[in-house]
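Worksheet: the structure to be examined is printed underneath.
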Protein chains: 2
Amino acid sequence: MVANTEAPLTQAERKALSDQCMLDAAVRLIVERGPEKTTLKALGEAAGYSRGLVTYRFGSKAGLFKAVIKRVSERFGQEVDAAVAGSTGIDAVLAAAETYYRFVLRSPKDIRAMQILFHSAAEPGSSLTEVVNRVHARQRAQVAEWVAAGQRSGAINPKLCAATFAARFCAYTLGMTFYWMLDSRSIQWEQAHQDFKVSIQQQLAA
Amino acid sequence: MVANTEAPLTQAERKALSDQCMLDAAVRLIVERGPEKTTLKALGEAAGYSRGLVTYRFGSKAGLFKAVIKRVSERFGQEVDAAVAGSTGIDAVLAAAETYYRFVLRSPKDIRAMQILFHSAAEPGSSLTEVVNRVHARQRAQVAEWVAAGQRSGAINPKLCAATFAARFCAYTLGMTFYWMLDSRSIQWEQAHQDFKVSIQQQLAA
DNA sequence: AAGATACTTGCTATCGACAAGTAAGTATAT
DNA sequence: ATATACTTACTTGTCGATAGCAAGTATCTT
């Protein structure tokens, strides 16, 4: 988490290192104290630098947070792509659900940080709105594509509106993650996931 | 929104009036600039008082926001009770969904403000966590009750887990509201609602 | 050695919340 | 009835802490 202070590095390496440290520090501090109470001073120190580096590198605190969203959502997107591989239709949707379920268990801090940033995008005047909206629009479009493909192949109920199902699928995931964050004990994360898969199959079945 | 300056009021009336003005101002400012950027100064002025009154009356800014959550969620709860009336099972669940759908259209500012406050409850160390968690636990329990009653009367699929369905139902609602706030154009609020009702019936059918 | 890039420090306006103050309403004694 | 003591409603002074800019220093590159 703290910058390495050994052997001389190239400028590019220095930059890459400090970027990495700052993004890690951001995730950690967002989860520990929330974005607003995460001060530039704390971010700099947690990353092993000064309070000024965040603003210099990312333009502002919000700029750093945007970078966090991009990094985590990109990593998640890659995992989904890998899990879905070539499959479409119901299988693809189930694989995506499964991937998210596991991602939350494996990287709870990343998910917590990202969800907190998603939330802040819903506040008026937030500079994260556009990025976050793009991330979610993309996710919904991807799900809708799988469903549409399944409909063309006859495996999925043709009466269903692919876009609306996709929104429902993604909205559920967001809401459930919110509950999980609020009080992980009050929600049966695993059972909810299993029941959700059953519900998906039921909803999509031709 | 601004305190009345006419005829002398009793202490109780003065208090009720200023409380009302402050709660209204809070909703307005949360929707206009978000909770963090809503300053005590702005709250006081918008309500027609000084910057000190919020702290004096509600203890802190967060105290005022708690009161906002209580007020709006209570009002929504009453509307649900009225709409559901005596019905149970699928009808009760559909009536609750319908009530929320309409509440959002009729009082978008109240919903926006409340959802923003819900979000802030998911941040670490938030003093709203407990209140918000209680509100949502209660909503889920209520939905689960309707479902369980429907199962006892044989109208709802007995294999379903009532609590898990309730969580799914409420999580969807939260997530969809988030999308609606993020970009109301990208979401077909009405179609999503209609499809949701069909999906509920399908999921609950015996 | 000179320029470019990575990073730090000085500064200003603004914030929330506490403490101390003032104004307005209420109770009691004559 | 009205003056005085008291309580409650509300305001203002103050303090430490904040984000982000401008101007500086350290480190790498050519």
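None of the values given here were measured: they were computed from a predicted structure.
For the pair B:Arg134 and A:Asp183, the salt-bridge criterion is not met [side-chain N within less than 4.0 Å of a carboxylate O]. A salt bridge links B:Lys197 with B:Glu98: the distance from a Lys NZ or Arg NE/NH1/NH2 to an Asp or Glu carboxylate oxygen falls below 4.0 Å.
Using cut-offs of 30° and 60° on the angle between ring planes, the pair A:Tyr172 and A:Phe196 is parallel. Taking the six-membered ring for Trp and thresholds of 30 and 60 degrees, B:Phe178 and A:Phe118 have ring planes inclined between 30 and 60 degrees apart.
Heavy-atom distances to DNA chain C give each of B:Ala12 and B:Gly59 a nearest nucleotide, and the one nearer the 5′ end belongs to B:Gly59. Nearer the 5' end of DNA chain D, as judged by each residue's closest nucleotide, is the contact made by A:Lys37, out of A:Tyr56 and A:Lys37.
For A:Lys15 and D:dT29, the NZ to C1' distance is 15 Å, given to the nearest whole Å. In this structure, A:Arg14 places its CZ atom 12 Å from C1' of C:dA4, rounding to the nearest Å. In this structure, the CZ atom of A:Phe58 is 16 Å from the P atom of D:dC21, given to the nearest Å. Atom CG in A:Leu29 sits roughly 12 Å away from atom P in D:dA19 (whole-Å rounding). One interatomic measurement links the two molecules: CG of A:Leu53 to C1' of D:dT27, which rounds to 14 Å at whole-angstrom precision. To the nearest angstrom, C1' of C:dG16 lies 13 Å from CD of A:Glu36. Distance A:Lys41 NZ to C:dT8 C1': 14 Å, rounded to the nearest Å. Following rounding to the nearest Å, B:Leu64 (CG) and C:dA17 (C1') show an atom-to-atom distance of 14 Å.
The side chain of A:Thr10 has D:dT29 as its nearest neighbour among C:dT26, D:dT29, D:dG20. Distance from the side chain of B:Thr39 is smallest for C:dC15 among the nucleotides C:dC15, D:dA19, C:dT26.
For A:Arg57, no side-chain nitrogen or oxygen approaches OP1 or OP2 of C:dA6 to under 4.0 Å. The side chain of A:Ser18 places an N or O atom within less than 4.0 Å of a non-bridging phosphate oxygen (OP1 or OP2) of C:dC7. For the OP1/OP2 pair of D:dT11 and a distance below 4.0 Å, the side-chain nitrogens and oxygens of B:Tyr49 include no atom meeting the criterion. In this model, the phosphate group of D:dA19 is not approached by any side-chain N or O of A:Ser60 to a distance below 4.0 Å at OP1 or OP2.
Here B:Arg51 lies in heavy-atom contact (under 4.0 Å) with a base.
Residues B:Phe58 and B:Leu53 form no side-chain contact, since every pair of their non-hydrogen atoms from C-beta on lies 4.5 Å or further apart.
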